[in-house]
Amino acid sequence: MNNTDIARLLDRMADLLEIDDANPFRVRAYRGAAQTIRAQSRGMADRVAQDEDLSKLPGIGRDIAAKIRTIVETGHLPQLEKLEERVPTELSDMMRIEGLGAKRVKTLYRELGVRSIDDLRRAARAGRIRALPGFGDKTEHTIMKRVDAWSGQAPRMLIAEVEETARRLLAHLKRADGVKRLVVAGSYRRRRETVGDLDILATARKDSDVIQRFTDFDDVGEVVSHGSTRSTVHLESGLQVDLRVVPEVSYGAALHYFTGSKAHNIALRKMAQKRDLKINEYGVYKGKKRITGRTEDEIYKQFGLAYIEPELRENRGEIEAAREGRLPELIGVADIRGDLHMHTTATDGRDSLKDMAEAAAERGYEYIAITDHSRRLTVVNGLDEKRLRKQIEGIERLNERLRNIEILTGIEVDILEDGSLDLPDDVLKALDLRVCSIHSKFRLSRKKQTERVLRAMDNPYFNIFAHPTGRLINKRDAYDIDIERVIEGAKNNGCFLEVNAQPDRLDLNDDACRMARDLGVKVAISTDAHSVANLDYMRFGVDQARRGWLEAGDVINTRSLTALKRLLART
DNA sequence: GCCGTTTTCGGCCCGACTGTTTTCAGTCG
């Protein structure tokens, strides 16, 4: 049971309770707990195994903590199963259809015996829904449309995938009359690795046609709502986009409100309550009087807080840190001096050594490392000793010609099942740097996988552990590994961990970055580029590092070449 | 069901939009 599974069970519990007319605050408690769990990158199973007190997590008390423990230990939630005897569990699925909440689902069930999405489709087609109290022709029609378009859970999209859409949409909206500011808020602005929808905030004159322009956008598949200050659409791609329009004086408050996270906003709202103030999307209010809200900075100042970067707004201690003046000074893309993981045509890269080096120089880097795969990865024509030595010579020749960038010789060497590295020490020794990674035997036990890596780190030529958990977002789970022990192993051996900047890896994730920082282990942010274009992934890695509270000093490829070489020497 | 340096009981965010309603309930974020 991973966190998503546990959160899903709690959400289901909330749905069924709501249909069952339970106390609404009790329902909300389950939803809140599910949300907290989803926001954790560390597994609940892990915490339970460590015997941690789950009720320390926000929104999780004694009761739900015990339920989580039960779920982890048995895979079941007895209270949910009890409830399912009375309320069909599929009703919870029906609530995923937009426009259907607990009340309507309950009516459909009680009046028409509709208990699944298939039932719902049949009832809508037969025209039985429009006769129900509170329903009508239009509602029946929308339900039919949405049921037909229904494809199960809409997956969160990679942030890199939605960026292009966001850019085009903003460019389109910019040409509306009377629009002043346009910005994407929400998890996109917090730079989460995936986003569920896009939240666009605009400030505009009252008579602006920005909302009309929004619903007229080429890619719009369905206009869900269209009011005077907000509108929601679904794009053809399935992505939901919300636009909200507020007056200029409310810009800061609205930006803060719609950037979230929800947990961060709630924490701040509680601070406001204590001071007899109220925060909403229009400003900070004392009674009916708006006292601030033009900028986010003003709002934080109002509560005696330093400005908190969007990437930190997850209610993971950033408010306390802002109060005590100990927020990190987050790393930026401009701090990066080189890229330490990339491939060429020698293995599975698309561009030549020379092209990669020149492209890196164009991006202002002082150094790069060429790290093609090692021999074990035969499918990508991994380098054996002979071909690697040849590549080293090629790099030496190129270094003599290129003046503005230094190419480090390197390898992405496989960590074999027994923890040995895929090339002999005397070969590894000839290189400037070794990136080590796992590409096989993903399914070892946690103990074996962890020890495999720790043993590999004993090799004096192990520098950087690449994509340390092996996860591919939306495609493959992380292999089972004790990342805390791995970080400690890196610390003991003078090794580093990678933040792989590929948009579907972003591995280490934010929480693990923070753990590394807390344990005093530095990371390398690398693109693992397989083409010149991939070099631009760097900013996604930097985003993830920022979410993990990392400063420039925590990242080895912000160092000068001399300082970097000293770190790689493992002395 | 959660939460608490004023509370262990009594609060718990609220504004916008839609459709079905003659003044508002349901849903969403």
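In what follows, chains are A, B, ... by sequence order, proteins preceding strands, each numbered from 1. Model, not experiment: these values are computed from the prediction.
Cation-pi contact between Arg294(A) and Tyr251(A): absent, since separation from the ring centre below 6.0 Å together with deviation from the ring axis within 45° is not met. Geometrically, Arg275(A) does not engage Phe303(A) in a cation-pi contact, judged by NZ or CZ lying under 6.0 Å from the ring centre and within 45° of the ring axis.
Nearest-nucleotide assignment on DNA chain B puts the 5′-proximal partner with Asn23(A), out of Asn23(A) and Ser225(A). Residue-to-nucleotide proximity on DNA chain B shows that, of Arg28(A) and Ile211(A), the 5′-proximal contact is made by Arg28(A).
dG4(B) sits 14 Å from dC13(B) when the P atoms are compared, rounded to a whole Å. Rounded to whole Å, the C1' atom of dC9(B) lies 24 Å from the corresponding atom of dC14(B). Between dT18(B) and dC12(B), the two C1' atoms lie 27 Å apart (nearest whole Å). Atom name C1', nucleotides dT27(B) and dT20(B): the rounded distance is 14 Å, in whole Å. Between dT5(B) and dG1(B), the distance separating the two P atoms is 23 Å to the nearest Å. Separating the P atom of dG26(B) from that of dT21(B) is a span of 12 Å, rounded to the nearest Å. For the P atom pair drawn from dC2(B) and dT6(B), the interatomic distance equals 23 Å after rounding to whole Å.
Searching all strands for a Watson-Crick or G-U wobble partner of dT8(B) with both distances below 3.5 Å returns nothing.
Note on ring orientation: taking the six-membered ring where Trp is involved, the planes of His264(A) and His256(A) are tilted (angle from 30° to 60°).
For Asp276(A) and dC13(B), the CG to C1' distance is 16 Å, given to the nearest whole Å. Residue Leu9(A) contributes atom CG, which lies 17 Å from atom C1' of dG1(B) at whole-angstrom precision. Atom CG of Leu80(A) is separated from atom P of dG1(B) by 13 Å (rounded to the nearest Å). Residue Leu83(A) contributes atom CG, which lies 11 Å from atom P of dG1(B) at whole-angstrom precision. Distance Ile266(A) CD1 to dC3(B) P: 11 Å, rounded to the nearest Å. For His226(A) and dT18(B), the NE2 to P distance is 8 Å, given to the nearest whole Å. The distance between atom CD1 of Ile68(A) and atom P of dG1(B), rounded to the nearest whole Å, is 13 Å. Going from atom CZ of Arg26(A) over to atom P of dG10(B) covers 20 Å, rounded to whole Å.
Between Gln240(A) and Thr232(A), some side-chain heavy-atom pair lies under the 4.5 Å cut-off.
Side-chain N/O atoms of Gln40(A) and Arg47(A) include a donor and acceptor closer than 3.5 Å. There is a side-chain donor-acceptor pair under 3.5 Å between Thr89(A) and Glu84(A).
Taking the ring-ring contact (aromatic ring centres under 6.0 Å, His included) definition, one finds that His141(A) meets it with nothing, sequence neighbours left out. Remark: Arg128(A) pairs with no residue by the salt bridge (charged side-chain N to carboxylate O under 4.0 Å, His left out) rule, at least two apart or across chains.
Sorted by first and then second residue, the salt bridge (charged side-chain N to carboxylate O under 4.0 Å, His left out) pairs with a member in residues 253-273 of chain A form an empty list; sequence neighbours excluded. Among pairs with a residue in residues 183-211 of chain A, those fulfilling salt bridge (charged side-chain N to carboxylate O under 4.0 Å, His left out) read Glu163(A)-Arg191(A), Arg189(A)-Glu296(A), Arg190(A)-Glu314(A), Arg191(A)-Asp543(A), Glu193(A)-Arg471(A), Asp199(A)-Arg244(A), Arg205(A)-Asp207(A), at least two apart in sequence or across chains.
In this structure, Pro58(A) reaches the sugar-phosphate backbone alone: every heavy-atom distance under 4.0 Å involves primed, P, OP1 or OP2 atoms, never a base. Using a 4.0 Å heavy-atom distance criterion, Ile279(A) is classed as making no nucleic acid contact. Contact annotation for Asp63(A): backbone-only contact, meaning every heavy-atom pair under 4.0 Å involves sugar-phosphate atoms and none involves a base.
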(message) I need a per-nucleotide contact map over nucleotides 4-9 of chain B, read 5' to 3'. Cutoff is protein heavy atoms under 4.0 Å; write B for the base, S for backbone only, - otherwise.
(response) ------
(request) Sugar-phosphate means primed atoms, P, OP1 and OP2; the rest is base. With that split, encode nucleotides 19-29 of chain B 5' to 3' as B, S or - using protein heavy atoms under 4.0 Å. (result) SSS----SSSS
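Across all their heavy atoms, Ile483(A) and Thr469(A) have their closest contact at CD1-CG2, 4.1 Å.
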